[in-house]
Amino acid sequence: DAKTTQPTSMDCAEGRAANLPCNHSTISGNEYVYWYRQIHSQGPQYIIHGLKNNETNEMASLIITEDRKSSTLILPHATLRDTAVYYCIVKSHQGAQKLVFGQGTRLTINP
Amino acid sequence: EADIYQTPRYLVIGTGKKITLECSQTMGHDKMYWYQQDPGMELHLIHYSYGVNSTEKGDLSSESTVSRIRTEHFPLTLESARPSHTSQYLCASSDYQTGTDTQYFGPGTRLTVL
């Protein structure tokens, strides 16, 4: 069962920041927060992950609350190519832990 | 970009045929995975491997089999394809040794069994 809760869909204007929320209130101390996206049934694409601290890479920023019960993925300047389903996943690094993909958030970037 | 490849990308075959879906990665990752995804539905893990000569079944029951003779190669085989096997099959790999265990996915194989 998925351990995260995300809105079903969101819209964002092109060029604006897209902020995607995720709740993971039952996250364990050794579990990381991962974000992936899937564009029209292609293979999922890794975006970013974090444990406690905020993280930033060339694709996005990840903001994790101090109690780690929720996080926000930020795409700073959304483009039309960012339209996809975004998945928030919590997972530890022990064993062959599978990625449990829930329903995700369908993000639509509008021109 | 992840260096993980799947062939074929699309496959349409008749019932009863034996098929092998290829997956290879050039990153030296020890762990590899197969997921199955029906259109508009969630991904489900069907097989995984910790390394050479290691294979395990995932959460979703599957009639497919896998092998891991070489680190870089993790093929999936269906001995006798049926229409119920029609789906997208996604291969992934991760490197547990680096401590991140981030999974990287291939482009997928879309299988249609007539």
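Only heavy atoms go into these numbers, but all of them, side chains included; no hydrogens, no water, no symmetry mates. Below, chains carry the letters A, B, ... as their sequence lines are ordered, and counting in each starts from 1. Just so you know, these numbers come straight off a predicted model, no measurement behind them.
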Atom pair [atom1]/[atom2] of [X] and [Y] - distance to nearest 0.5 Å:
| X | Y | atom1 | atom2 | value |
| --- | --- | --- | --- | --- |
| B:E42 | A:Y87 | CD | OH | 7.5 Å |
| B:R9 | A:Q42 | CZ | CD | 7.5 Å |
| B:Q103 | A:K91 | CD | NZ | 5.5 Å |
| B:T102 | A:I47 | OG1 | CD1 | 12.5 Å |

Using the rule that two of Ile, Leu, Val, Met, Phe, Trp, Tyr join whenever any of their side-chain heavy atoms come within less than 4.5 Å, decide whether [X] and [Y] are in one cluster.
| X | Y | value |
| --- | --- | --- |
| B:L78 | B:M32 | yes |
| A:Y86 | A:Y32 | no |
| A:L20 | A:I74 | no |
| A:W35 | A:M59 | yes |
| A:Y36 | A:M10 | no |

- Message: Testing the basics here: between A:L99 and B:Y35, what is the closest heavy-atom pair and its distance to 0.1 Å?
- Response: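 Closest pair (atom of A:L99, atom of B:Y35, distance): N-OH, 3.0 Å.
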- Message: Are there over 12 heavy-atom neighbours, none belonging to A:R68, within less than 6.0 Å of that residue's CZ?
- Response: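 Counting other residues, nucleotides and ligands, CZ of A:R68 exceeds 12 neighbours.
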- Task: Report, as yes or no, whether the 6.0 Å neighbourhood of atom CD1 on B:I69 holds more than 12 heavy atoms from other residues, nucleotides or ligands.
- Result: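 Not more than 12 within 6.0 Å, no.
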- Where the side chain of A:Y46 meets the backbone of B:F105, is there a donor-acceptor pair that is under 3.5 Å apart?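 Looks like no, no N/O pair under 3.5 Å.
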- chain A contact via B:R110 - which portion, at a heavy-atom distance below 4.5 Å: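 When you check distances to chain A, only side chain atoms of B:R110 fall under 4.5 Å.
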- Under 4.5 Å heavy-atom distance to chain A, tell me which part of B:L90 shows up: side chain, backbone, both or neither.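 Only the side chain of B:L90 comes within 4.5 Å of chain A.
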- Message: If we define contacts as heavy-atom pairs under 4.5 Å, which of A:P44, A:G104, A:G43 has the most with chain B?
- Response: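 Sorted descending by pairs with chain B, the first entry is A:P44.
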